[in-house]
Amino acid sequence: QVQLVESGGGLVQAGGSLRLSCAASGRTFSSYAMGWFRQAPGKEREFVAAINWSGANTIYADAVKGRFTISRDNAKSTGYLQMNSLKPVDTAVYYCAARPISIGTTSYEYVYWGQGTQATVSS
């Protein structure tokens, strides 16, 4: 089992930044790839970014490419999502998720999920 806890959400003006964290406990964090997903009101959960177990490979949704950066610190069992140049359309609950080893871009590929953290971007 892997337990995931997100933090770092909040309210920010358009153009601002937020840094989300995902603290993992349980099994060895470095054995798992990590993904970030988001869900806006009335919309389906969508992929944002993912990083493999070592941090060497990353992938981003087109909507956030160039603005968001995913990273991880296996020594701290923590993953991060740095969000810059935020837009009102980025408003959503952000979830981190984990799956063994390799990157996935769909929610059904991920086994473990956090409870989510709200990020709200005002115009």
Side-chain angles (χ1 to χ4, degrees):
Q1 290 282 344
V2 176
Q3 292 78 41
L4 303 172
V5 178
E6 303 96 333
S7 61
L11 174 64
V12 65
Q13 289 189 331
S17 299
L18 285 173
R19 189 193 195 203
L20 306 184
S21 298
C22 177
S25 61
R27 292 191 175 185
T28 306
F29 178 65
S30 59
S31 299
Y32 291 83
M34 186 186 70
W36 286 93
F37 292 78
R38 67 186 181 186
Q39 188 166 17
K43 296 189 176 182
E44 294 187 353
R45 190 170 299 187
E46 65 174 359
F47 170 75
V48 175
I51 188 167
N52 78 324
W53 68 276
S54 69
N57 296 319
T58 59
I59 189 168
Y60 297 91
D62 288 343
V64 306
K65 201 172 295 183
R67 299 188 298 122
F68 291 11
T69 302
I70 190 171
S71 62
R72 64 190 297 158
D73 184 338
N74 286 341
K76 295 182 178 180
S77 296
T78 302
Y80 304 98
L81 184 68
Q82 177 67 45
M83 307 190 295
N84 298 330
S85 302
L86 283 162
K87 306 173 182 180
V89 295
D90 295 316
T91 295
V93 176
Y94 284 75
Y95 298 89
C96 69
R99 69 182 302 271
I101 305 298
S102 60
I103 287 178
T105 60
T106 58
S107 59
Y108 67 80
E109 296 178 271
Y110 285 81
V111 179
Y112 303 107
W113 290 84
Q115 83 289 349
T117 185
Q118 175 72 47
T120 303
V121 184
S122 63
S123 58

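Here the structure is a predicted model, which means the values were calculated and not measured. Residue numbers start at 1 and run along the sequence shown.
Rounding to the nearest 0.5 Å gives a distance of 11.0 Å between CG of Asp90 and OG1 of Thr120. Going from atom CD1 of Ile51 over to atom CH2 of Trp36 covers 11.5 Å, rounded to the nearest 0.5 Å. Put simply, OG on Ser30 and CZ on Arg72 are 7.0 Å apart, with the number rounded to the nearest 0.5 Å. Interatomic distance, Ile59 CD1 to Asn52 CG, rounded to the nearest 0.5 Å: 11.0 Å. Here the straight-line distance linking atom CZ of Arg67 with atom OH of Tyr60 works out to 12.5 Å at 0.5 Å rounding. The CD atom of Gln118 lies 11.0 Å from the CD atom of Gln39; values are rounded to the nearest 0.5 Å.
Using cut-offs of 30° and 60° on the angle between ring planes, the pair Phe68 and Tyr94 is tilted.
Leu18 and Val64 fall within the same hydrophobic cluster, defined by Ile, Leu, Val, Met, Phe, Trp and Tyr side-chain heavy atoms under 4.5 Å apart, directly or through other members. Put simply, Tyr95 and Leu81 are part of two different groups of oily side chains (I, L, V, M, F, W, Y) that touch within less than 4.5 Å, one to the next. Taking hydrophobic clusters as Ile, Leu, Val, Met, Phe, Trp and Tyr residues chained together by side-chain heavy-atom distances below 4.5 Å, Met83 shares a cluster with Met34. The cluster map of Ile, Leu, Val, Met, Phe, Trp and Tyr, joined by side-chain heavy atoms under 4.5 Å apart, puts Leu20 and Ile70 in the same cluster. Taken together through direct or relayed side-chain contacts under 4.5 Å among Ile, Leu, Val, Met, Phe, Trp and Tyr, Val5 and Val2 form parts of separate hydrophobic clusters.
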Report all side-chain donor-acceptor pairs from residues 41-49 shorter than 3.5 Å, counting only partners two or more places apart or in another chain.
unit_1, atom_1, unit_2, atom_2, d
Glu46, OE2, Arg38, NE, 2.6
Glu46, OE2, Arg38, NH2, 3.1

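The minimum heavy-atom distance linking Ser123 with Pro88 is given by the pair CB-CG, 3.9 Å. Nearest heavy-atom pair, Ala33 versus Tyr110, reported as atom, atom and distance to 0.1 Å: O-CE2, 4.3 Å. Closest approach of Phe29 to Ala24, counting heavy atoms only: CD1-CB, 3.3 Å. Residues Ala98 and Tyr32 share a closest heavy-atom pair of CB-CB, 4.1 Å. Nearest heavy-atom pair across Gly104 and Ala50 is O-CB, 3.6 Å. Taking each heavy atom of Thr117 and Gly9 in turn, the nearest pair found is OG1-N, 3.2 Å.
At distances below 3.5 Å, at least one donor-acceptor pair connects side-chain atoms of Asn74 with backbone N or O atoms of Trp53. The closest donor-acceptor contact from the side chain of Gln13 to the backbone of Ser122 lies at 3.5 Å or more, if one exists at all. Side-chain atoms of Thr91 come within 3.5 Å of backbone N or O of Val121 as a donor-acceptor pair.
Between Asp62 and Lys65, at least one side-chain nitrogen of the basic residue sits less than 4.0 Å from a carboxylate oxygen of the acidic one, meeting the salt-bridge criterion.
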